[in-house]
Amino acid sequence: MGRVFLVDIDGRAYRCKFCESALALVDHVLSRSFNCNHGRAYLISNVVNITLGPQEERLMTSGMHTVEDIFCCCCGQYVGWKYVEVSDKNQKYKEGKFVLERWRIVEEATEGFNSDARPGSSDPENP
């Protein structure tokens with residue numbers, strides 16, 4: 001087996017929860033309203049540092065689709081799937097796109113003020 005070369009991406013990124021390898025830019029998210037078996041997911045136009053599993057037909061809530069599971073190329077953990085082909089013409093926008101399951105990824109920490117944080121929620125000095 002060869003050496004793994006990771007693609008480095010510039011900007012806010014989603015990373016593998018298990019090994020912190022970069023997977024996708026936050027700016028490449030097309031939809032935040034997707035669901036998977038374990039909760040919420042993101043539809044993303046481009047991902048990096050993944051390997052693809054074999055194509056398979058899978059019945060999903062939006063119909064029958066040909067998909068490939070995607071795995072982090074660094075640690076091998078399952079992180080989502082890629083839409084290869086969809087049968088419903090109303091779902092064609094999904095073809096060639098990727099879904100990352102939110103519970104399997106983390107957003108890269110960014111410097112600066114986080115407007116979503118609650119005061120004192122992450123301050124270790126406050127009990």
Side-chain angles (χ1 to χ4, degrees):
M1 183 134 168
R3 188 178 203 181
V4 175
F5 290 96
L6 297 177
V7 174
D8 190 26
I9 53 180
D10 291 328
R12 284 181 40 219
Y14 292 114
R15 298 186 169 275
C16 175
K17 178 181 178 179
F18 306 98
C19 71
E20 297 186 9
S21 295
L23 296 173
L25 288 171
V26 172
D27 293 341
H28 290 172
V29 173
L30 301 172
S31 175
R32 289 179 165 79
S33 62
F34 272 64
N35 291 302
C36 62
N37 288 338
H38 300 291
R40 307 295 289 165
Y42 295 140
L43 181 67
I44 299 181
S45 60
N46 188 39
V47 297
V48 296
N49 300 324
I50 59 156
T51 57
L52 297 169
Q55 287 187 8
E56 64 179 57
E57 296 289 319
R58 194 174 293 162
L59 183 59
M60 299 182 159
T61 56
S62 58
M64 185 64 76
H65 303 302
T66 303
V67 299
E68 297 171 319
D69 286 336
I70 56 176
F71 303 89
C72 174
C73 72
C74 190
C75 68
Q77 286 289 324
Y78 169 83
V79 292
W81 66 90
K82 176 184 178 183
Y83 287 103
V84 177
E85 187 177 353
V86 298
S87 55
D88 183 350
K89 66 180 179 179
N90 294 328
Q91 302 292 315
K92 288 287 186 189
Y93 72 95
K94 294 178 182 178
E95 286 185 353
K97 307 299 187 292
F98 302 86
V99 174
L100 291 178
E101 295 186 6
R102 287 179 57 180
W103 76 277
R104 295 179 177 275
I105 60 175
V106 292
E107 186 172 347
E108 184 174 55
T110 58
E111 293 183 24
F113 179 74
N114 181 354
S115 63
D116 294 331
R118 290 177 287 153
S121 64
S122 60
D123 186 357
E125 294 179 19
N126 291 338

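Position 1 is the first residue of the sequence, and the numbers go up from there. Predicted model only: the values in this text are computed from it and were never measured.
- Linking ILVMFWY residues whenever their side-chain heavy atoms come closer than 4.5 Å, directly or via other members, places I105 and V47 in the same cluster.
- Salt bridge R58/D69: present, at least one basic N to carboxylate O contact under 4.0 Å.
- Exactly one residue among L43, L30, I50 makes a side-chain contact (heavy atoms from CB on, under 4.5 Å) with F98. That residue is I50.
- Ring-plane geometry between Y14 and Y42 is classed as tilted, the angle between the planes lying from 30 to 60 degrees on a 0 to 90 degree scale.
- Using modelled atom types, no side-chain atom of E101 and backbone atom of G39 make a donor-acceptor pair closer than 3.5 Å.
- In terms of heavy atoms, V67 sits closest to M60 at CG1-CE, 4.0 Å.
- One distance of note links CD of E85 with NZ of K92; it measures 5.5 Å at 0.5 Å rounding.
- Annotation for L23 and R15: closest pair CD1-C, 3.9 Å, computed over non-hydrogen atoms.
- Annotation: the span from S31 atom OG to K94 atom NZ amounts to 9.0 Å, rounded to 0.5 Å.
- From C36, atom SG reaches atom CH2 of W103 across 8.5 Å, with rounding to the nearest 0.5 Å.
- What you find for V26 and A13 is that their closest heavy atoms are CG2-N, 4.0 Å.
- Atom NZ of K82 and atom CD1 of I44 lie 14.0 Å apart (nearest 0.5 Å).
- Here the shortest heavy-atom pairing between V79 and C72 reads CG2-N, 4.2 Å.
- Within a 6.0 Å sphere centred on CD of Q77, other residues, nucleotides and ligands contribute more than 12 heavy atoms.
- Note: N46 CG to L25 CG = 8.0 Å, rounded to the nearest 0.5 Å.
- No donor-acceptor distance shorter than 3.5 angstrom exists from the side chain of R12 to the backbone of D27, with no hydrogens or angles considered.
- Taking CZ of R104 as the start and NZ of K17 as the end, the distance is 8.5 Å to the nearest 0.5 Å.
- The hydrophobic cluster of V106 has no other members, since no ILVMFWY side-chain heavy atom comes under 4.5 Å of it.
- The nearest pair of heavy atoms linking C75 to F18 is SG-CB, 4.0 Å.
- Of the possible donor and acceptor atoms, one in the side chain of S87 sits under 3.5 Å from a partner among the backbone N and O of M64.
- Taking each heavy atom of Y93 and F34 in turn, the nearest pair found is OH-CZ, 4.0 Å.
- No single ILVMFWY cluster, assembled from side-chain heavy atoms under 4.5 Å apart, contains both V48 and V99.
- For the pair N49 (side chain) and L6 (backbone), a donor-acceptor distance under 3.5 Å is absent.
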